[in-house]
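This structure is a prediction, so every number in the text was calculated from the model and none was measured.
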Amino acid sequence: MDPRTVEGSVIEVLLRQAGADKVFSIHGVLYHIVFKINDDFSVEYVYNINGNNEYFLQRVKPYPIQHGKFDNEQQLVAFIKKDVDKFRQAVCSSNFNKFLEVTAKTEKLLEKVESLFLAYNVSREMLAALDKGIDRIYEDIDKIASQSDKV
């Protein structure tokens, strides 16, 4: 018997004991792809093929982001090629390291917001203030985009 199957079964039992309403076993295949852009930087993805032959893609490095489902391998590969090409161009920017710092901060922001709401009873007023602050960040991003040259 495949040890991964046994491990998966044990995890399923533990999750059900923890109160999971449903645990789905999707018999798919998981792939991890690495594109080395230069000696110091790579872009990495994971995708899986589910039982409906759909491809679910996530970029995991330099920062995690879900890219969703693709109906076929041509769509998946075309998206990845385009994404990697964007990073090949972006890595040449003198601001690239700062960009990576900003994305790391946004990852941390999401973790802090989640921790805040899961660990504290946040008042409606404080939530509204946080929401306004995030809206200002969106406005700043839109303003910067409108004042910058497209690559």
Revision key, fill the gap. Contacts of F35 meeting ring-ring contact (aromatic ring centres under 6.0 Å, His included) (sequence neighbours excluded), chain-then-number -> none
Point to revise | pair L116-L130: side-chain heavy atoms closer than 4.5 Å | key: yes
Check your understanding: Quick one: are L118 and Y120 in side-chain contact, heavy atoms under 4.5 Å?
Key -> no
Check your understanding: Once you round to the nearest 0.5 Å, how far does CG of D71 lie from CG of L76?
Key -> 11.0 Å
Review point. Under the salt bridge (charged side-chain N to carboxylate O under 4.0 Å, His left out) test, which residues partner D85, sequence neighbours left out?
Key: R88
Review point. Hey, quick one: are F56 and I33 part of the same hydrophobic cluster, counting side-chain heavy atoms closer than 4.5 Å, chains of contacts allowed?
Key: no
Exercise for review: Quick one: sort the F96 and F87 rings into parallel, tilted or perpendicular, breaks at 30° and 60°.
Suggested key: perpendicular
**Study point:** Euclidean distance, E73 CD relative to N53 CG, rounded to 0.5 Å
**Key:** 9.0 Å
Point to revise | Contacts of type ring-ring contact (aromatic ring centres under 6.0 Å, His included), residue F117, not counting sequence neighbours | key: none
Exercise for review: Kindly state each residue pair satisfying salt bridge (Lys or Arg N to Asp or Glu O under 4.0 Å) with at least one member in residues 142-151, sequence neighbours excluded.
Suggested key: none
Check your understanding: Got a sec, which residues hit side chain to side chain contact (heavy atoms under 4.5 Å, CB included) with V46, two or more places apart in sequence or on another chain?
Key -> L30, H32, Q58, V60
Review point. Could you give the distance from NE2 (H67) to CG (D83), rounded to the nearest 0.5 Å?
Key: 4.5 Å
Study note, to complete from the structure: Residue set satisfying ring-ring contact (aromatic ring centres under 6.0 Å, His included) with Y47, at least two apart, ordered chain then number -> Y31
Exercise for review: Please test Q89 against V151 for side chain to side chain contact (heavy atoms under 4.5 Å, CB included), starting from the C-alpha separation and ending with a verdict.
Suggested key: CA-CA 9 Å; Q89 185 172 2; V151 291; 3.4 Å; yes
Review point. Roughly how far, to the nearest 0.5 Å, is NZ of K61 from OH of Y45?
Key: 12.5 Å
Review point. Would you say V13 and Q17 make side-chain contact, with heavy atoms under 4.5 Å?
Key: yes
Practice item. Just say parallel, tilted or perpendicular for the rings of F79 and F70, cut-offs at 30° and 60°. Key: tilted
Check your understanding: Cationic tip of R136 within the cone over Y138's six-membered ring, i.e. under 6.0 Å and within 45° of the normal?
Key -> no
Practice item. Determine whether I80 and Y63 fall in the same hydrophobic cluster, where Ile, Leu, Val, Met, Phe, Trp and Tyr are linked whenever their side-chain heavy atoms lie under 4.5 Å apart. Key: yes
Check your understanding: Taking the side chain from S115 and the backbone from K112, do they hold a donor-acceptor pair closer than 3.5 Å?
Key -> no
Exercise for review: Output yes when a side-chain donor or acceptor of N38 lies under 3.5 Å from a complementary backbone atom of D40, and no otherwise.
Suggested key: yes
Review point. For the hydrophobic clusters of this structure (ILVMFWY residues joined by side-chain heavy atoms under 4.5 Å, transitively), does one cluster hold both I65 and V91?
Key: yes
Check your understanding: Measuring from I134:CD1 to E139:CD, what's the distance to the nearest 0.5 Å?
Key -> 12.5 Å
Review point. What distance do N72 atom CG and I49 atom CD1 have between them, rounded to the nearest 0.5 Å?
Key: 11.5 Å
Exercise for review: For the residue pair K105 and E101, establish whether any side-chain heavy-atom pair is separated by less than 4.5 Å.
Suggested key: no
**Study point:** Minimum heavy-atom distance S123-M126, with the two atoms named
**Key:** OG-N, 3.1 Å
Review point. Heavy atoms, side chains only, cut-off 4.5 Å: are L100 and F41 in contact?
Key: yes
Check your understanding: Any sub-3.5 Å donor-acceptor pair from N95's side-chain atoms to K98's backbone N or O?
Key -> no
**Study point:** L127 reachable from V113 in the ILVMFWY side-chain graph, under 4.5 Å edges
**Key:** yes
Point to revise | Minimum heavy-atom distance E107-P62, with the two atoms named | key: OE2-O, 4.3 Å
